[in-house]
Amino acid sequence: TVGAVALDRHGNLAAGTSTGGMTGKRWGRVGDAPIIGAGTYADDRACAVSATGWGEFFIRVGVARSICALMEYEDQSAQAASDAVMDDVKALGGDGGVIVVSPSGEAVFSFNTAGMYRGRATSAGVNEVAIYGDE
Amino acid sequence: QAGWSLAIHGGAGTIARDSMTPEEDAAHRAALQAALDAGAKVLAEGGSALDAIEAAILIMEDEPRFNAGKGAVYTWDATHELDASIMDGRTRDAGAVAGVTTVRNPILLARKVMTDSPHVMLSGKGAESFAAEQGIELVPPSYFDTEFRLKALERMKAKQLSALDVDVKFG
């Protein structure tokens, strides 16, 4: 799965996710990537999220929408909201990760796997890519 | 001038340092950097968040190292079924496609669903008919074939000969 989230100079957020699914999947199984609110969500008032991981759990938790709701209604930071929702995924037995951008421009990662292919860049000069969990 | 921000991912999982050669590690980082640079360029030049994420995702969809587009994994029947979605935070418009087999870049089709249809999600053959009507590039299903992904399917099947095991895992 791949994804991207962004905040532009006009203050608008967007999110997108694309995937080939799960190796060996059957019966037309569909994961969270195309499910708005599970694998992808964007709302200028809250955040933009793209997810990757065990889709069935991300659908059950409603990961992307839940992160935005915590930020919008409980004023949580992008990192705190993402970590809380990923903890919920883990508690159910799922794994994976999310990328999140907030209306103020925070770009954060949260994942409970050994690694996640990821990168972030901002107008403030951040420009980094990483793979392993300890980077 | 207001700031901009971008984050990308190319999948998560059991990615250990000793599971990749230095060359593969470097190739993955280069691919991520290319996608990041493409999106950042759009934003730095004042472009929209939607155009930025599309630019980044297109590069990753065309990169066989990631499980999307060209690098899509195999289904049990050794085919490929791709899904994608996109959402505009300004309007909360959204578009998604599921189970497409001949769309080179599903993110472009998801965006077309958002901008040129009254729907949010289209699936399967219907989505592909819509893609053809909209001039989205279609490719033969074999375009998505990669030997290393096929071997991954074969390894999985070799380990899970019991249909019940498979049913439990993916059911």
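Throughout, a chain's letter reflects where its sequence line sits, starting with A, and its residues are numbered from 1.
Only the side chain of B/Ala56 comes within less than 4.5 Å of a heavy atom in chain A; its backbone stays farther off. If you measure heavy-atom distances from A/Ala51 to chain B, the contacts under 4.5 Å come from the backbone alone. Neither the backbone nor the side chain of A/Asp95 comes within contact range of chain B; no heavy atoms are under 4.5 Å apart. Only the side chain of A/Ile36 comes within contact range of chain B, judged by heavy atoms closer than 4.5 Å. The contact between A/Val101 and chain B is made entirely by side chain atoms (from C-beta outward), counting heavy-atom distances below 4.5 Å. Proximity to chain B (any heavy atom under 4.5 Å) is shown, for A/Ala48, by neither the backbone nor the side chain. Contacts between A/Tyr41 and chain B at a heavy-atom distance below 4.5 Å involve backbone atoms as well as side-chain atoms.
Contact detail for B/Asn67 and A/Gly21: the closest heavy-atom pair is ND2-O, 2.8 Å. Residue A/Ala114 comes nearest to B/Thr14 through the heavy atom pair CB-CA, 4.2 Å, listed as atom of the first residue, atom of the second, then distance. Of all the heavy atoms in B/Gly3 and A/Leu7, the pair that sits closest is O-CD2, 4.4 Å. Annotation for A/Ser18 and B/Pro106: closest pair OG-CB, 4.2 Å, computed over non-hydrogen atoms.
Considering only heavy atoms from C-beta on, B/Arg17 comes within 4.5 Å of A/Tyr132 through its side chain. Side-chain contact between B/Val73 and A/Met22 is absent, with no heavy atoms from C-beta onward closer than 4.5 Å. Two residues are said to be in side-chain contact when any heavy atoms from C-beta on lie closer than 4.5 Å; B/Leu36 and A/Val129 meet this criterion. Counting heavy atoms from C-beta outward, A/Ser50 and B/His9 have side chains that approach closer than 4.5 Å. Considering only heavy atoms from C-beta on, A/Thr40 stays 4.5 Å or farther from B/Ile86 through its side chain. By the 4.5 Å heavy-atom criterion applied to side chains, A/Thr113 and B/Ile15 are not counted as neighbours.
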request  = For ring-ring contact (aromatic ring centres under 6.0 Å, His included), just list the numbers for A/Tyr117 and B/His28, CA-CA rounded to whole Å, side-chain angles, deciding distance to a tenth of an Å, and then say yes or no.
outcome  = CA-CA 8 Å; A/Tyr117 298 111; B/His28 277 90; 4.7 Å; yes
request  = Go through the steps for B/Asp37 and A/Asn127 under the test side-chain contact (heavy atoms from CB on, under 4.5 Å), then give the verdict.
outcome  = CA-CA 9 Å; B/Asp37 290 347; A/Asn127 189 322; 4.1 Å; yes
Evaluation steps, side-chain contact (heavy atoms from CB on, under 4.5 Å), between A/Arg45 and B/Arg92 = CA-CA 10 Å; A/Arg45 302 168 303 179; B/Arg92 282 182 284 171; 2.9 Å; yes
ask   = A/Ile131 and B/Asp25: side-chain contact (heavy atoms from CB on, under 4.5 Å), yes or no, with the steps?
value = CA-CA 8 Å; A/Ile131 298 176; B/Asp25 180 296; 4.2 Å; yes
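When each of A/Thr1, A/Ile35, A/Asp32, A/Val30 is tested with B/Asp83 by the rule side chain to side chain contact (heavy atoms under 4.5 Å, CB included), just one qualifies, namely A/Val30.
In this structure, B/Ile57 is a member of the same hydrophobic cluster as B/Val139, with clusters built from ILVMFWY side-chain heavy atoms closer than 4.5 Å. Residues B/Val120 and B/Phe130 fall into different hydrophobic clusters, defined by Ile, Leu, Val, Met, Phe, Trp and Tyr side chains chained together at heavy-atom separations under 4.5 Å. A/Val63 and A/Ile99 fall into different hydrophobic clusters, where Ile, Leu, Val, Met, Phe, Trp and Tyr side chains are chained together by heavy-atom contacts under 4.5 Å. Cluster annotation: B/Met87 and B/Ile107 are assigned to distinct hydrophobic clusters (Ile/Leu/Val/Met/Phe/Trp/Tyr, side-chain heavy-atom contacts under 4.5 Å, transitive). Hydrophobic clustering (ILVMFWY, side-chain heavy atoms < 4.5 Å, transitive): B/Ile8 and B/Leu50 are in one cluster.
Of the possible donor and acceptor atoms, none in the side chain of A/Asp8 sits under 3.5 Å from a partner among the backbone N and O of B/Ser48. A/Thr122 contributes no side-chain N or O that, together with a main-chain N or O of B/Ser5, makes up a donor-acceptor pair within less than 3.5 Å. Put simply, the side chain of A/Asn12 never gets that close to the backbone of B/Ala49: no donor and acceptor are under 3.5 Å apart. Checked by atom type and distance alone, the side chain of B/Ser85 pairs as donor or acceptor with a backbone atom of A/Ala33 at under 3.5 Å. A donor-acceptor pair is defined here as one N or O able to donate and one able to accept, closer than 3.5 Å; no such pair exists between the side chain of A/Arg9 and the backbone of B/Trp4.
With chain A as partner, the option from B/His80, B/Met20, B/Arg29 having the largest number of non-hydrogen pairs under 4.5 angstrom is B/Arg29. The choice from A/Val108, A/Thr17, A/Val98 that makes the most heavy-atom pairs within less than 4.5 Å of chain B is A/Thr17. Taking chain B as the reference chain and counting heavy-atom pairs below 4.5 Å, the highest number among A/Ala4, A/Gly11, A/Gly39, A/Ser123 is found for A/Ser123. Ranked by heavy-atom pairs under 4.5 Å with chain A, the list B/Val100, B/Leu32, B/Leu82 is led by B/Leu32. Contacts with chain A were tallied for B/Ala94, B/Ala72, B/Gly10, B/Gly69; B/Gly10 has the most, counting heavy-atom pairs under 4.5 Å. Note on A/Ala107, A/Gly119, A/Ala124: by heavy-atom pairs under 4.5 Å with chain B, the leading option is A/Gly119. Put simply, of A/Pro34, A/Gly16, A/Ala6, the one with the most heavy-atom pairs under 4.5 Å next to chain B is A/Pro34.
More than 12 non-hydrogen atoms from other residues, nucleotides or ligands lie less than 6.0 angstrom from CD of A/Glu135. Annotation for A/Asp134: atom CG counts as buried by contact number, over 12 foreign heavy atoms lying within 6.0 Å.
From A/Thr23, atom OG1 reaches atom CD of B/Glu154 across 12.0 Å, with rounding to the nearest 0.5 Å. The OG1 atom of A/Thr19 sits 11.5 Å away from the CE atom of B/Met60 when rounded to the nearest 0.5 Å.
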